[in-house]
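Below is one structure, written out as C-alpha cells; the observations come after it.
Keep in mind it's a predicted model, so treat the numbers as computed, not measured. First the proteins, then the strands, lettered A, B, ... as listed; each starts at 1.
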Amino acid sequence: DAGITQSPRHKVTETGTPVTLRCHQTENHRYMYWYRQDPGHGLRLIHYSYGVKDTDKGEVSDGYSVSRSKTEDFPLTLESATSSQTSVYFCAIAGLAGPNNEQFFGPGTRLTVL
Amino acid sequence: GESVGLHLPTLSVQEGDNSIINCAYSNSASDYFIWYKQESGKGPQFIIDIRSNMDKRQGQRVTVLLNKTVKHLSLQIAATQPGDSAVYFCAENIKGTYKYIFGTGTRLKVLA
C-alpha cells in the first residue's frame, strides 16, 4: 500500500459521537486525500491537502474536517457522526512532483454509524 | 467484505483470453489518467497511467489506450488470469488541479 496506513480498519459507532480516522504515510509525499466509497458511486473526494497546514474541501466535505500539522499525518474527523456517513474511507497520497502523478491508496477504514 | 457497487457492469472472460475494459471520462481539460484495480476489502491498486500527450502505453500484460477525441480510455489485459478478477476503474486528473475524478468501475470475472 505504498507506505500508507489507516487506522482503525473497522469501526462501529453511534450517531452523534465524534470519530477520527487516521492516515499515516512514510513516503514524504506532499499531497494527501480523503475519499469515501459507496455502492453506486465512484470514489468521492472529502478533503485534500497540498502541504502542511494547507487543506481544501472536496465535493462531499459537509460534516467532515481535517488537519495537516505534519507531512506524514492527515486525520479525518467526523464531529458528530450520522448514519449517512456509514461508508468505506480511503486515504491517498500523490507524489512530490505535483498532483499530476500517481495517486496511491491506503487499505481503507470501514465505518458503520448506528 | 464488499466495498464497491453491487450492480456494477460485469465483464466475464475465459482464463487465457484478453480483456478490454472501457471508461468514458468526463472533462476535456483532463490531461492525466490512471487505471486502478480493486479487490474486495482492499484499497485501489495503481495499475498503469497515461498522459494526454500519448495515445497508448504498455505495461506488463496491460495496455492503456487513450482517445481524446471521444474522451475514452480502455484497459487491455492480455492472457487474463484468475488473479485479475476484481473491479477496475479509471481516474482522471484535471490539468492544473489537485483533484481526481473516478469512474464507478467494471467488475471483471475470470472463468476457469
Side-chain angles (χ1 to χ4, degrees), chain A residues 1-6 9-10 12 23 25 27 29-51 54-61 68 86-95 97-112, chain B residues 1-10 21 23-27 29-54 57 59 62 64 66 73 86-107:
Chain A
D1 292 322
I4 310 170
T5 56
Q6 292 185 236
R9 295 294 314 279
H10 301 271
V12 179
C23 177
Q25 59 141 330
E27 305 295 322
H29 280 10
R30 178 178 175 185
Y31 305 94
M32 298 186 75
Y33 306 78
W34 275 107
Y35 294 92
R36 58 179 291 172
Q37 187 175 48
D38 305 288
H41 294 275
L43 287 159
R44 292 183 291 173
L45 181 65
I46 305 171
H47 282 282
Y48 64 99
S49 170
Y50 45 96
D54 291 324
T55 65
D56 206 348
K57 297 179 180 180
E59 61 183 304
V60 290
S61 60
R68 185 99 181 267
T86 292
S87 188
V88 181
Y89 292 85
F90 290 101
C91 177
I93 62 175
N100 198 287
N101 278 281
E102 300 96 327
Q103 188 175 66
F104 296 101
F105 286 82
T109 294
R110 180 176 293 277
L111 176 67
T112 302
Chain B
E2 190 58 67
S3 60
V4 295
L6 297 176
H7 302 291
L8 293 173
T10 299
I21 301 171
C23 175
Y25 65 92
S26 59
N27 197 311
S30 296
D31 67 345
Y32 175 66
F33 306 88
I34 304 174
W35 275 102
Y36 287 96
K37 172 186 180 182
Q38 188 174 23
E39 297 173 282
S40 183
K42 296 186 178 180
Q45 176 187 356
F46 175 94
I47 302 174
I48 191 168
D49 61 356
I50 188 168
R51 300 191 185 278
S52 60
N53 60 352
M54 303 172 69
R57 189 163 188 226
V62 295
V64 54
L66 174 62
L73 273 172
V87 173
Y88 292 81
F89 56 88
C90 64
E92 59 184 290
N93 176 244
I94 301 172
K95 184 177 181 179
T97 78
Y98 304 100
K99 299 181 182 179
Y100 295 77
I101 302 171
F102 294 84
T104 52
T106 297
R107 187 182 309 280

- Rounded to the nearest 0.5 Å, how far does OH of A/Y31 lie from CZ of A/R68? 10.0 Å

- Item | A/R44 portion near chain B, given a 4.5 angstrom heavy-atom threshold | neither

- What is the ring orientation for A/Y33 with A/Y48, classed by angle as parallel under 30°, tilted 30 to 60°, or perpendicular over 60°? parallel

- What part of A/L43 is in contact with chain B, defined as an atom under 4.5 angstrom from a non-hydrogen atom: side chain, backbone, both or neither? both

- chain B contact via A/Q6 - side chain, backbone, both or neither, heavy atoms under 4.5 Å: neither

- Query: Between A/W34 and A/Y89, how do the two ring planes meet: parallel, tilted or perpendicular, split at 30° and 60°?
  - Reply: perpendicular

- Query: Counting N and O atoms only, with roles assigned by atom type, does the side chain of A/Q37 sit under 3.5 Å from a partner on the main chain of A/F90, one being a donor and the other an acceptor?
  - Reply: no

